[in-house]
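As a basis for the values below, the full set of heavy atoms in this structure was taken, side chains included, without hydrogen atoms, waters or symmetry mates. These numbers come from a predicted model, not from an experiment. Chain letters run A, B, ... following the sequence lines, proteins first, then strands; residues in each count from 1.
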Amino acid sequence: MTALDSRVAAPPDPAPDAEPRGGRRAAAARHGRDNRTAYLMIAPMVVLLGIFVFWPLANSVYLSTFKISFYQEPEFVGLDFYQYVLESPRFWESIVVGLYYAVLTVPTGIVIALLLASFIKTLSRRLASYMKVTVYLPAVVSTVVASVLFVFMYQDEGVINWMLSLLNHGPVNWLNDPSYALPAVAVPGIWLSFGVTTLILLAGLLDIPENYYESAQLDGAGFFQRLFKITIPLLKNVLLYLLVTGFTLAIQLFELPLIMTNGGPVDATTTPNLYIFNSFRDLTPYATSFSLTASLMLFVVLGAISLVIFKLVNSDKAIDG
Amino acid sequence: MTKSVPQRVFSAVLITLISLSVMFPLAWMAISGFKGKTEVLRSPFQFFPDMWRWDNYSAILADPQFMRAMGVTVVGALIFTALSLTVNTLAAYAFARLEFTGKRFWWVYCLTPMFIPAMAILLTSFMVVSDLGMLDTLAVLIIPGAASAGQMFFIRQFYLGFPIAVEEAALVDGATRWQIFVRVFLPQSAAPFVVMGIASYLAYWNAYVWPVLTITDPDLTQIMQFLGNFRSDRGNDWGLLMAGSTLASLPTIGLLLIFQRFIVNGVRISGIK
């Protein structure tokens, strides 16, 4: 955040002679007025964030040190729940599922997006804008709709098994087979998100000076040589950004498996957030404290990753140009 | 760039293939809505319906709960969009243009929520809105999410690019900051407002978990919540479900098509630029 801060281009105070009434007092009076105006302007945001973000966060931290159940008074237990979470195999299993999902979706999504963006870049203006809208289309579809739609396509008699039958395969029971369920959830995950990735990569590609490619072509470099020698190194920052943000988002995945599989079969699609969400609704005693603590532990992990993002994004464009 | 004939053909084939594979799920959803109960998952497989029937679409349009959910969600989404633009734009202007005591602290304060995962505060946010008596009101869907760090940051970046000279001229003429904000900044904010407004609208329209937690009143059921319930209650009526999903997606797809230029360029600005 401090790095972001440094980008605040503070408007310089006007030179004293620009002040009609001149003198320091007028400037001080204006500063006072600006102060009041600024606080009035940020007040709604500050208050809303205080009530609906910071207070709940503080409360989560506070409550995670108590044993809460319907039958007894809350009892202070310190960091006990943190230990329980760390020792819970299901918590770690859900993290493994989350990592597996991220590995399935993030690199695939970026590769697809990079190929698409390189292709769109070669098109004429009109075709390019058509393609941009087309690839972005799934991004406006809701996760609920995508989940229901893909469950429908994954049915035994559904369109995906029909396509497989053309290749003399299947039918595969996609969502009920533990080894296929997570990849089956990953497909709509990629479908929903690759459009945004493509447009970001396209913006990055358009920033690379065209003459780099021209001289490479004169030297006889083929498509893949240009890709690996020019495009990828020059897009390093963008790719890192997409990789890390994609990763944090993927680990937080939750609505798709909630609607498509509710975590099954045998927890094969129970991502960390789904695990936490389902333990909120669990009726066993202390489930509340447990899931609160688990969500905070995940927050620590994600916070660390987010810090890495900002370090990377602001690590300056060492290779640019 | 001039291209040879094989290159043109190759491009055309590729464009067709990509368009087909991206749009296939959506097209399949719409087509399946035209199929009857016995047709929709019939074996042997059939791509198009025997007869294009409107039964599913007319049935879902005649369902008062569906229409109510669409209506309530449109109203909520519009209010949400207006409120979040107001709150975030005010803060964005202050952070872009004003010097004030404690600016650095409040800047970090307003940006930190970008890094707090929703799940870490889901349950305790629920406790807050329940203590405030907001459950089962439209307010619970609108107010808690209105302040958005990302949106404020985006608009602030845009305001940083405004020439300072105009503002100083107005100050010399004795205008207050509020007047400058309203007369100089707001009229030129159409582009970021469209991009961020649509993002807010989409976020509200597509929300699922928060409405499920906070709304039980059938009169306030949100559209995605309606679809979710529909799926668990009548999961096997796929034709009807696909028709409903198609209709529930039309407003967002329509927004994309209308504002395509803004949105597609907006991704570029909101990316890492």
Donor-acceptor check, side chain of N35(A) to backbone of T101(B), threshold 3.5 angstrom: yes or no?
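Judged by distance alone, yes, a pair lies under 3.5 Å.
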Are the side chain of W238(B) and the backbone of F152(A) linked by a donor-acceptor contact shorter than 3.5 Å?
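Flag not set: sc W238(B) to bb F152(A) has no pair under 3.5 Å.
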Contact origin within [X] toward chain A - heavy atom pairs under 4.5 Å:
X: L202(B); result: side chain
X: M119(B); result: both
X: I143(B); result: both
X: L123(B); result: both
X: V40(B); result: both
X: I18(B); result: side chain
X: S148(B); result: backbone

What closest approach, in Å, do [X] and [Y] show between heavy atoms, and which atom pair accounts for it?
X: A94(B); Y: I42(A); answer: CB-CG2, 3.7 Å
X: I51(A); Y: L132(B); answer: CG2-CD1, 4.3 Å
X: H31(A); Y: E99(B); answer: CE1-O, 3.6 Å
X: P56(A); Y: V128(B); answer: CG-CG2, 4.1 Å

Within the structure provided, determine whether [X] and [Y] are in side-chain contact (heavy-atom separation under 4.5 Å).
X: L127(A); Y: I15(B); answer: yes
X: T143(A); Y: N206(B); answer: no
X: R177(B); Y: D34(A); answer: yes
X: L137(A); Y: I253(B); answer: yes
X: F150(A); Y: P25(B); answer: yes

[X] [atom1] to [Y] [atom2] distance, which is reported to the nearest 0.5 Å:
X: Y93(B); Y: M41(A); atom1: OH; atom2: CE; value: 6.0 Å
X: S291(A); Y: L122(B); atom1: OG; atom2: CG; value: 9.5 Å
X: R97(B); Y: T37(A); atom1: CZ; atom2: OG1; value: 15.0 Å

By a 4.5 Å heavy-atom criterion (distance strictly below it), what part of V61(A) contacts chain B: side chain, backbone, both, or neither?
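Contact with chain B involves no heavy atom of V61(A) at all.
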Go through the atoms of L149(A) and report whether side chain, backbone, both or neither lie under 4.5 Å from a heavy atom of chain B.
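Backbone plus side chain of L149(A), per the 4.5 Å heavy-atom cut-off to chain B.
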Will you find, in the side chains of T134(A) and S19(B), an N or O donor that is under 3.5 Å from an N or O acceptor?
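On atom types as modelled, these side chains do not qualify, holding no pair under 3.5 Å.
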Ring pair (Phe, Tyr, Trp, His ring centres under 6.0 Å) with F100(B): which residues, sequence neighbours excluded?
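Residues passing ring pair (Phe, Tyr, Trp, His ring centres under 6.0 Å) with F100(B): Y39(A), F95(B).
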Taking ring pair (Phe, Tyr, Trp, His ring centres under 6.0 Å) as the definition, give me every residue that meets it alongside F54(A), ordered by chain and number, with sequence neighbours left out.
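Residues passing ring pair (Phe, Tyr, Trp, His ring centres under 6.0 Å) with F54(A): Y109(B).
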Contact winner vs chain A - M127(B), M224(B), Q225(B), Q260(B), heavy-atom pairs under 4.5 Å:
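It is M224(B).
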Decide if atom OH of Y62(A) counts as having more than 12 heavy atoms of other residues, nucleotides or ligands within a radius under 6.0 Å.
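No, because the 6.0 Å sphere around OH of Y62(A) holds 12 heavy atoms or fewer from other groups.
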